[in-house]
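Here the structure comes first, spelled out in structure tokens, and everything after it is commentary.
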Number of protein chains: 2
Amino acid sequence: MHATRQGGWVAPMSAAAAPRRRGPRRALTDGEILDAALDLLDGGGPDAASVRGIAARVGVAPNAVYTYFPDKAAVIRALVERLIGEVDHDVFADRTRPWRERVEALALELRERLSAHPGAVALMIGGPMDGPNARALNERLLHVLTDAGLDGTQAARAAYLLIVYVFGSIALEVADGHRAGSLPPEPDRVARRQAAFAETPADRFPLSAAAATTMAGYVSTEQYLWGLGRVLDGIAAHGETRRST
Amino acid sequence: MHATRQGGWVAPMSAAAAPRRRGPRRALTDGEILDAALDLLDGGGPDAASVRGIAARVGVAPNAVYTYFPDKAAVIRALVERLIGEVDHDVFADRTRPWRERVEALALELRERLSAHPGAVALMIGGPMDGPNARALNERLLHVLTDAGLDGTQAARAAYLLIVYVFGSIALEVADGHRAGSLPPEPDRVARRQAAFAETPADRFPLSAAAATTMAGYVSTEQYLWGLGRVLDGIAAHGETRRST
DNA sequence: ACGCTCCTTGGACGGCGTACAAACTCTGTA
DNA sequence: TACAGAGTTTGTACGCCGTCCAAGGAGCGT
């Protein structure tokens, strides 16, 4: 009697619109648990978001959590789902705007949402994102691309490419520590990165050294948009090619 | 007395070309520890690559590992470095071949190496890849791009974009379970994925449903090369644009 | 032959995810 | 109104994990 399945997606266990359950009143809600998990995630990185930590934060025995979610993985999935659900669809739903603007808006919105919770990025790429909100977002992206004139196959491929780019970018940023808060305190993290940049052996890796100083000067959003621009160029060019042949 | 640093990169602790140490002979080498770690990683996913597991596999007490590496993170870093070091540079070092072919060769080679050890992908994006081998690989990529006529700034940006694409693709493939062995046994993983595809609610997400069936039919290498092609198109087009203006 | 250095080990600490059984609280029914 | 049973919460426990400490043993330099 653990969790109901629908389409491969394992939902939390709260009876949907419960008519009133049998036993004693539940002390918590799924949302409160996710709130606690997110707080811990933001405060101390993925490792801090432990079942015991969550339980302690909401003032409950560790095992009580397992009444709300079948296991820790389900908590993580639900949390990821919630974060994806916070993406504002209105920004890129407007079909009168150029499709590139719409995709850029989507990419920026997604990045902004995820950047608020860097620890969550590791959780997202730790498993498939196949919850309802993730599906809805994918659907929106496909809509934009078909609006741009791509057929079903091309839209599918382009959507996957864009997803790879967006999540890959953010994941690498977090991994490289460009984005603060990706890991627990570790106060000298920035210093270590700068040292790594500075001490790149310029004699052995001259191009890397030059590139490092170049990249270090970028506002990372700038590089993000540049890469996105190239990806969109490639998608657009491919459409033109196919149309002209 | 733990580990020597050089340029932000924390190397293993074995004295480089030791003239013969004082105490008793070391029972192991760094390499043997990494071998064991890799075996466990391949066999049981990232969780199986534990310090205790490694120690048991090489027939030694868990603590003995800490004589070779300062902590588990260092073992992981060294392992990632080794895997990156296995990439064959000769394939794309040939300056007579077109630059697109060379980048494609690099991308395919890297993917092949990482696909042999799916569990390692999560480890790579879990921290910065700033070891010597990673730097050398980056240097090679920059060479190819400058050979293609890009200036330093553009080469740096394009290289970062390509790195994002390659690692993002592989990471998402592993996360989605398209690549077997990414996690422990979990025997019905493939079945779950197929179920997720099949049970995509076609009424609520029609485009996603169509895309899912489309993507499911792809050999993933095909999609990988398609996306890479678009990225390269975008990079090439950008160069043309700048050159013509 | 001795002393010192270094490796290795047993044991322990605190933390993790989670299974089990008991205590308790409430609802539906008799 | 009383009771049965469903459902929540908790204490306890198991087997993992990464890592520290103190003790023991092995080998080189003197």
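Chain letters run A, B, ... following the sequence lines, proteins first, then strands; residues in each count from 1.
OP1 or OP2 of C:dC7 has not a single side-chain nitrogen or oxygen of B:T67 nearer than 4.0 Å. For A:R25, no side-chain nitrogen or oxygen approaches OP1 or OP2 of D:dT9 to under 4.0 Å. Proximity of A:R22 to the phosphate of C:dC26: no side-chain N or O atom is located under 4.0 Å from OP1 or OP2.
By the 4.0 Å N-to-carboxylate-O rule, A:R82 lies too far from A:D30 to be salt-bridged with it. A:R57 and A:D39 are joined by a salt bridge, as a carboxylate oxygen and a charged side-chain nitrogen come within less than 4.0 angstrom of each other. Ion pairing of B:R204 with A:E139 is absent here, as no side-chain N (NZ or NE/NH1/NH2) approaches a carboxylate O to less than 4.0 Å. Taking 4.0 Å as the cut-off between side-chain N and carboxylate O, B:E109 and B:R113 count as a salt-bridged pair.
Nearest to the side-chain atoms of B:P24 among the listed nucleotides C:dT18, D:dT19, C:dC7 stands C:dC7.
Heavy-atom distances under 4.0 Å link DNA chain C to A:V51, A:R52 of residues 51-59 of chain A, given in residue order.
If you take OH of A:Y68 and P of D:dG7, they are 14 Å apart, rounded to a whole angstrom. Protein atom CZ of B:F69 is 20 Å distant from nucleotide atom C1' of D:dC20, rounded to whole Å. Separating the OH atom of A:Y66 from the C1' atom of C:dC20 is a distance of 14 Å, rounded to the nearest angstrom. Straight-line distance from the CZ atom of B:R26 to the C1' atom of D:dA26: 14 Å, rounded to whole Å. If you take CG of A:L40 and C1' of C:dC16, they are 14 Å apart, rounded to a whole angstrom.
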Practice task
Using the side chain to side chain contact (heavy atoms under 4.5 Å, CB included) rule, take B:V60 and B:I54 through it: C-alpha gap first, then chi angles, then the decisive distance, then the call.
Solution key: CA-CA 9 Å; B:V60 123; B:I54 294 169; over 6 Å; no
Practice task
Given side chain to side chain contact (heavy atoms under 4.5 Å, CB included), test B:V58 with B:V65 step by step and report yes or no.
Solution key: CA-CA 10 Å; B:V58 294; B:V65 174; 5.7 Å; no
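Both B:L28 and A:K72 lie close to DNA chain C; mapped to their nearest nucleotides by heavy-atom distance, the more 5′-ward contact belongs to B:L28.
In this structure, A:Y165 has its ring center closer than 6.0 angstrom to the ring center of A:Y224.
Contact of B:D47 with C:dG17 (side chain to base): no donor-acceptor pair of N or O atoms is detected under 3.5 Å.
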